[in-house]
Amino acid sequence: MGKDSERSKMNETPDGLSIVETDEVRVRMAPSPTGFLHIGGARTALFNWLFAKHYNGKFILRIDDTDTARSTDESMHEIYTALEWLGLEWDEGGNKGGPYAPYLQSERKSIYDAHVTQLLESGNAYHCYCTPEELEEIRAQARADKLPRSYDGRSRNLSSEAVKRFIAEGRKPTVRIKMPDTPIRVDDLILGSRNIDPATLEDEVIVRSNGMPNYNLTSIIDDAEMRITHVIRGTEHLNNTPTQIAIANALGLEIPKFAHIPLVLDSNGRKLSKRHHGDLVAVNRYREQGYLREAMLNFVARLGWSYDDKQEIFAVSELIEKFDLARVGKSGSVFDIKKLEWLNSHYINRLDVSERTDAVIPFWEVEGLLNQTEDRDWLIRIVEAVGERLTTLQDIVPQTRYFFTDDYEFETKAVKKWWGGSEEKREKTSEILTNLGQILEAVPSFDVETVETAIWKYTDENDIKRVAAMQALRIALTGTSFGPSLFDIVTLLGRDEVLKRIPRAIAYL
RNA sequence: GCCGCUAUCGUCUAGGGGUUAGGACGGAUGGUUCUCAGCCAUCAAACCGGGGUUCGAAUCCCCGUAGCGGUACCA
């Protein structure tokens, strides 16, 4: 602990790299709008946001939509709403604008074009007329020869005749970056430093044949143009880093500090992705299911980051205060829904009944259970009766449906266990229900204490097991064998409703 | 194939040469109770393997192995 606090005061990673060397920290989240925001993306956003907040810096939302074929406005808005729900508000970019606008890469093409011209003119990039088929062949050959890279840079020195011929054939060139033949040093705030062997570096395409620039080019240019000081992103980008550094060097651009955070994995240890996991991992889906923002943030923060060996629950303000890149681990973390559920129920239970009622009302509404005649106090009493039984807000629906409607089924399992599979048992249950009906009809007032006293008096005097009577009545009134205190249910339902439901249950028997 | 990254209970993790390897989720058992949930108590559960370095290694080094990521005119 002493060492840790020393370390963060010293502003260093375990490897001795200094984390912040600037007055104004500027970080960015740069999603490509090709789908919804998933858990992994949310974590990248959170880490960036926490880092910015911790250092009083700026969090920028840049939209990396250079893949025009896959980018859609719809997913861009999905991303906005997910980030907004999480409360990860951005200072610049997205739909907000800012001093370095535009923040949509598709609107920055002229900037990239200028840089490409510069690269071409300085001899750091070149046109490549290889066709996809040729490239495929080169790749296959390289693989067969066990070469460390799949493109050999053969277009670096094309003769002007060859170029003329290709143009005459109608070929549209791509632009490739000419990678240096000296090692590239990559300093990573999480992974440490290393030198990359130039033999493994490949002249990647930085502009497509349709003229649209690629990620490695646009990303590093924009990071420089937008004065990004730290690039915090998933380790899937680790192999892009040398290319981006090479481009920045060739262009004389400022290079940000890099921090590659480990991947979020599924239970099989594979990277979480839209493609393989569908919207099971979509942030918006969790909102719809009744997860709380606080739970989500707390959960996601602990995926790869830890504070000490004691604390699991972190308020957002505490995350901001305590978040430290030096305490982000190097290995991937499995997304464990059970832990999210635990945190979610924790945060739900921490709300007072009134807040919890407000939180839950929309979930009743979508199910059409509310019809404006309910008074709020009654709803609050229901939520109070439900107590700490909610894992998600949506759980309120199955757990309280019977308060709003008598259109419920008697669960087979419950019926079998508590109402009886035999004729004899059914008769007994029917008798108990009849008696309870009479008692509840006669009871002087319909409050918990009176009802409880009356029912206990009945069971004890007639030598009936309390459980048996209670469960018989519970199933009659709710259709299920579990739920809140039965006395709460009875009084919440009210005498009329209870006396209506009992005969119905007896008839069913 | 090639390049890279990683490696502590099932999961998230603490750990910085000497600890009965700690906590949390999940699991199991018991208690409380009208059921369920909760709560309380208890339990099971881990240092990938092999070599070094050292009096002493989960911790430092090397070699394996395994897993993952990348290997696109995606990001």
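Every chain is numbered from 1 and lettered A, B, ... according to where its sequence line falls, protein lines coming before strand lines.
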Using a cut-off of 4.0 Å on non-hydrogen atoms, how would the nucleic acid contact of [X] be classed: base, sugar-phosphate, or nothing?
| X | result |
| --- | --- |
| A:Ser209 | base |
| A:Leu263 | sugar-phosphate |
| A:Pro262 | nothing |
| A:Asp65 | nothing |
| A:Gly304 | sugar-phosphate |
| A:Gly483 | base |
| A:Phe487 | base |
| A:Pro132 | base |
| A:Ser150 | sugar-phosphate |
| A:Thr200 | sugar-phosphate |
| A:Leu303 | sugar-phosphate |
| A:Arg466 | sugar-phosphate |

(Q) Heavy-atom count check: over 12 atoms from other residues, nucleotides or ligands less than 6.0 Å from A:Glu318 CD? (A) yes
Q: Identify the two heavy atoms, one from A:Ala476 and one from A:Tyr408, that lie closest to each other, and give their separation to 0.1 Å.
A: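 Scanning both residues, the minimum pair turns out to be O-OH, 2.9 Å.
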**Q.** Shortest non-hydrogen contact between A:Thr429 and A:Trp419, atoms and distance
**A.**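 Here A:Thr429 and A:Trp419 meet closest at OG1-O, 3.0 Å.
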How far does the [atom1] atom of [N] sit from the matching atom of [M], given to the nearest Å?
| N | M | atom1 | result |
| --- | --- | --- | --- |
| B:U35 | B:G67 | P | 49 Å |
| B:C55 | B:G50 | P | 22 Å |
| B:G15 | B:U59 | P | 15 Å |

**Q.** Any N/O donor-acceptor pair, A:Gln311 side-chain to B:G23 base, under 3.5 Å
**A.**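 No, no donor-acceptor pair under 3.5 Å.
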Q: Test for a donor-acceptor pair under 3.5 Å between the base of B:C34 and the side chain of A:Ser485, counting only N and O atoms.
A: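 Such a pair exists between side chain and base.
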Q | A:Asp113 with A:Lys109: basic N within carboxylate O range, under 4.0 Å | A |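 Salt bridge flag = yes for A:Lys109 with A:Asp113.
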Q: State plainly whether the residues A:Arg389 and A:Asp395 are in salt-bridge range, i.e. N to O under 4.0 Å.
A: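 No.
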Which listed nucleotide ([options]) is nearest to the side chain of [X]?
| X | options | value |
| --- | --- | --- |
| A:Arg327 | B:A14, B:C73, B:U35 | B:A14 |
| A:Arg302 | B:U11, B:U13, B:C34 | B:U13 |
| A:Gln471 | B:A75, B:U35, B:C25 | B:U35 |
| A:Phe482 | B:U35, B:C2, B:G70 | B:U35 |
| A:Thr174 | B:U6, B:A75, B:C73 | B:C73 |
| A:Leu238 | B:G4, B:U6, B:C74 | B:G4 |
| A:Val467 | B:C34, B:G70, B:U6 | B:C34 |
| A:Lys271 | B:A7, B:G70, B:A72 | B:G70 |

(Q) Under the salt bridge (Lys or Arg N to Asp or Glu O under 4.0 Å) definition, can you give me all pairs with a residue in residues 182-201 of chain A, not counting sequence neighbours? (A) A:Arg185-A:Asp187
Q. Pick the nucleotide of RNA chain B nearest each of A:Val207 and A:Asn239; which residue has the one closer to the 5' end?
A. A:Asn239
Q: Between A:Lys310 and A:Arg389, just flag the one whose closest nucleotide in RNA chain B comes earlier from the 5' side.
A: A:Lys310
Q.
Rounded to whole Å, please give me the gap between NE2 in A:His237 and P in B:G70.
A. 10 Å
Q. In whole angstrom, what separates A:Phe314's CZ from B:A24's P?
A. 14 Å
Opposite nucleotide pairing with [N], Watson-Crick or G-U, both atom distances under 3.5 Å:
| N | result |
| --- | --- |
| B:G49 | B:C63 |
| B:U54 | none |
| B:C2 | B:G70 |
| B:C43 | B:G27 |

**Q.** Residue pair A:Glu411 / A:Thr480, side-chain donor-acceptor N/O under 3.5 Å
**A.** no
Q) When you check the phosphate oxygens OP1 and OP2 of B:C74, does a side-chain N or O of A:Arg275 lie under 4.0 Å from one of them? A) no
Q. Can you check whether A:Arg270 has a side-chain N or O nearer than 4.0 Å to OP1 or OP2 of B:G69?
A. yes
Between the protein and nucleotides 38-48 of chain B, are there any N/O to N/O pairs under 3.5 Å, and if so, what are the atom names and distances?
unit_1, atom_1, unit_2, atom_2, d
B:G38, O2', A:Glu388, OE1, 2.9

**Q.** Check: A:Asp324 side chain, A:Trp305 main-chain N or O, donor-acceptor pair, under 3.5 Å
**A.**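 No, because the side chain of A:Asp324 does not come within donor-acceptor range (under 3.5 Å) of the backbone of A:Trp305.
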